[in-house]
J.: 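The structure is given below, and queries will be raised subsequently.
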Amino acid sequence: MRGYLRQDGRKGIRNTIVVAYLIECARHVANEVVLEFREQDVHLIGFPGCFPNAYAFHMMSKLCTHPNVGAVLLVSLGCEGFNREELAEEVAASGRPVETLVIQEQGGTAKTIERGCRWVSQELTTLSVREPVEMAINELVIGTICGGSDGTSGMTANPTIGRAFDLLIADGAICIFEETGELIGCEHYMADRAATPELGTEIIRCIAKARNYYETMGYGSFSPGNADGGLSTIEEKSMGAYAKSGTTEIVGLIKPGDQPPTSGLYLLDVIPDGEVRHGFPNINDNAEIAELIACGAHLNLFSTGQGSVVGSAISPVIKVCGNPETYRRMADDMDVNAGRILKGDANLDEVGIEIRDFVLAISSGQKSKSEALGHREFILTYKTFDSIGPACLPNVN
Amino acid sequence: MNDEPCANIILLSTSDNVVIACEQIDAGSVIEVNGVIITVKSEVEIGHKIARMDINVDDKILKHGAPIGRATRVIAQGAHVHTHNIQSDYLHIHTVRQIFSEEA
């Protein structure tokens with residue numbers, strides 16, 4: 001494996017230039033710059049809101065200083081609430097080249113696009129001579145998520161990702177799972193896996209918060225369709241999603257943007273703190289993928305049954321397809337065919353090893369299917385979080 | 001023992017007392033779980049559970065190596081395991097609420 005060494009000691013598996021709009025009004029200009037370089041690793045991210053939000057700032061800061069990112073162009077309209085100076089300072093302090101273009105100061109759309117393209121072009125040249133260095137598995141951060149799930153997800157794709165997590169953690173990697181709203185019913189079992197009883201209590205609180213949030217939003221967790229598919233209880237349904245986490249000890253509970261400090265398995269709490277506001281906590285899969293990336297994920301393992309096609313800006317997405325029929329129909333979008341387990345052509349352990357090996361190949365520069373197809377989805381919305389307490393990271397003293 | 005090929009199932013964890021059907025399995029079909037031959041007692045749809053061993057009332061049902069509920073009646077090896085013979089153990093809701101309201 002090879003990586004690009006950053007000033008903070010972390011290494012990236014990609015050397016991407018991020019073009020970030022700081023308000024929806026600057027999105028078109030930023031996107032036009034990115035489109036000029038669509039065959040290269042130049043990705044668009046941004047925050048659409050005009051009113052400032054601490055979570056969104058924290059997310060943008062962590063994304064712009066992600067190890068996979070080599071340089072950052074900020075595109076501002078000029079009058080939005082986002083603190084562009086502070087963001088630029090944080091990026092510069094990370095040792096990355098950063099430029100801020102304010103559309104109102106540049107003289108409008110065309111001039112800003114022209115300036116932006118010139119800057120990106122020059123930075124691509126600078127980045128192209130950066131030599132990668134050796135990188136080990138214990139420097140990798142891997143996230144997991146499921147989307148477009150069906151009855152096969154809990155039978156094949158999720159358990160195989162869990163096995164891959166066990167293998168990666170045995171080699172010292174950091175692995176992160178999330179979807180706390182879909183873990184209702186297994187929080188006590190999960191708490192028993194926590195490194196300390198205090199962390200276990202934090203995990204139970206975290207799931208209680210998710211349950212309260214979704215109930216307030218009017219969403220239940222268990223539907224009649226689940227029973228038709230063979231799921232008998234809420235904990236059985238949740239265990240299907242939970243199977244992605246494998247079997248190792250849970251060493252920490254983090255929130256979006258927190259960097260896991262040591263190797264091992266972490267639970268990412270994606271449900272906002274405080275009273276229910278700002279609408280749905282995660283309006284689609286990419287909102288959660290962005291949060292995993294903000295926690296340092298170099299790549300994400302995406303379990304699907306019905307067939308999601310999304311990728312992401314900044315970090316590659318690897319598709320693990322649990323349903324053999326979906327795989328047959330959509331093979332061009334799928335990286336791993338876990339559904340062949342249903343046909344008796346492989347077992348869970350074999351596919352787990354295949355996923356681990358695929359993670360290492362993608363980390364060595366091979367493109368995942370969604371990455372090669374140009375999928376670079378990104379979304380960031382309003383949220384509110386409190387900081388994690390000391391019990392959430394018991395291994396840090 | 002008949003010569004029919006075994007129906008396709010998954011054992012998700014070696015500690016589980018249920019296996020999952022990977023296809024629709026007819027009553028009387030045989031499955032093999034780690035060398036043990038089991039006759040399936042009734043038709044089971046894809047994704048549904050089959051008892052790997054005899055299960056007593058109040059025994060935990062283990063899938064993915066984790067408890068997913070408990071038996072409400074005796075379940076014989078090879079029987080379909082579903083809402084008619086198991087129930088959720090997720091009775092911690094009041095406790096959960098209490099923790100949450102203490103937080104607020």
Side-chain angles (χ1 to χ4, degrees), chain A residues 150-156 158-159 162 184-193 201-202 204-213 215 221-222 226-247 273-275 324 339 341-345 347-348 386, chain B residues 5-16 18-25 31-32 34 44-51 60-72 75 80-104:
Chain A
D150 68 11
T152 66
S153 302
M155 297 165 68
T156 59
N158 294 349
I184 294 162
C186 51
E187 61 267 41
H188 291 266
Y189 179 72
M190 204 163 23
D192 289 342
R193 263 176 83 190
T201 304
E202 292 290 341
I204 290 170
R205 280 205 183 108
C206 162
I207 304 300
K209 179 180 70 168
R211 192 171 185 283
N212 181 63
Y213 208 101
E215 270 186 5
S221 284
F222 196 80
N226 294 142
D228 293 342
L231 299 177
S232 309
T233 64
I234 175 69
E235 50 274 49
E236 181 178 11
K237 179 186 177 182
S238 295
M239 277 308 303
Y242 181 56
K244 294 197 297 302
S245 67
T247 60
D273 292 308
E275 63 184 86
I341 294 166
L342 293 183
K343 305 282 192 192
D345 296 338
N347 64 37
L348 295 164
D386 302 331
Chain B
C6 289
N8 196 9
I9 53 94
I10 301 181
L11 176 66
L12 287 165
S13 167
T14 50
S15 62
D16 291 356
V18 295
V19 296
I20 317 304
C22 294
E23 57 192 349
Q24 184 186 310
I25 301 179
I31 57 174
E32 186 198 327
N34 284 1
V44 178
E45 297 288 332
I46 180 170
H48 285 241
K49 299 175 287 301
I50 300 162
K60 298 266 186 210
I61 308 301
L62 296 171
K63 178 183 172 185
H64 298 285
I68 58 160
R70 66 190 159 89
T72 53
I75 305 172
H80 182 210
V81 177
H82 200 24
T83 48
H84 63 290
N85 53 16
I86 79 169
Q87 73 175 31
S88 172
D89 263 333
Y90 190 56
L91 303 173
H92 310 287
I93 291 162
H94 57 284
T95 321
V96 164
R97 283 238 173 78
Q98 203 176 342
I99 289 172
F100 194 77
S101 58
E102 280 168 12
E103 294 274 292

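Convention: sequence-line order gives letters A, B, ...; per-chain numbering from 1.
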J.: Would you say the side chains of A:Thr233 and B:Gln87 form a donor-acceptor pair under 3.5 Å?
T.: no
J.: Side chain from CB out, backbone as N, CA, C, O: work out which of these in A:Asn347 comes under 4.5 Å of a heavy atom of chain B, or both, or neither.
T.: neither
J.: Checking B:Leu12 against chain A: side chain, backbone, both or neither under 4.5 Å from a heavy atom?
T.: both
J.: For A:Leu342, is it the side chain, the backbone, both or neither that has a heavy atom under 4.5 Å from a heavy atom of chain B?
T.: both
J.: Say whether, by atom type as modelled, one donor and one acceptor occur between the side chain of B:His82 and the main chain of A:Ala227 under 3.5 angstrom.
T.: yes
J.: Are side-chain heavy atoms of B:Lys49 and A:Glu236 found at a separation under 4.5 Å?
T.: yes
J.: If only atom types and distance count, is the side chain of A:Glu235 paired as donor or acceptor with the main-chain N or O of B:Ser88 below 3.5 Å?
T.: no
J.: Mind ranking A:Gly344, A:Cys186, A:Gly151, A:Gly185 by heavy-atom pairs under 4.5 Å with chain B and telling me who comes out on top?
T.: A:Gly185
J.: Side chain, backbone, both or neither: which part of B:Val81 has an atom under 4.5 Å from a heavy atom of chain A?
T.: backbone
J.: Is a donor on one side and an acceptor on the other found under 3.5 Å between the side chain of B:His48 and the backbone of A:Leu231?
T.: no
J.: For the atom pair NZ (A:Lys237) and OH (B:Tyr90), what is the distance rounded to the nearest 0.5 Å?
T.: 13.0 Å
J.: Closest approach of B:Thr83 and A:Ser232, non-hydrogen atoms and distance?
T.: CG2-O, 3.5 Å
J.: Kindly indicate, with the supporting measurements, whether the criterion side-chain contact (heavy atoms from CB on, under 4.5 Å) is fulfilled by A:Ile234 and B:Ile68.
T.: CA-CA 8 Å; A:Ile234 175 69; B:Ile68 58 160; over 6 Å; no
J.: Which pair of non-hydrogen atoms, one from A:Met155 and one from B:Cys22, has the smallest distance, and what is that distance?
T.: CE-CA, 4.3 Å
J.: Of the backbone (N, CA, C, O) and the side chain (C-beta and beyond), which part of B:Leu11 lies under 4.5 Å from a heavy atom of chain A, both, or neither?
T.: backbone
J.: With the side chain counted from C-beta on, respond yes when A:Tyr189 and B:His64 share a heavy-atom pair under 4.5 Å apart, and no when they do not.
T.: no
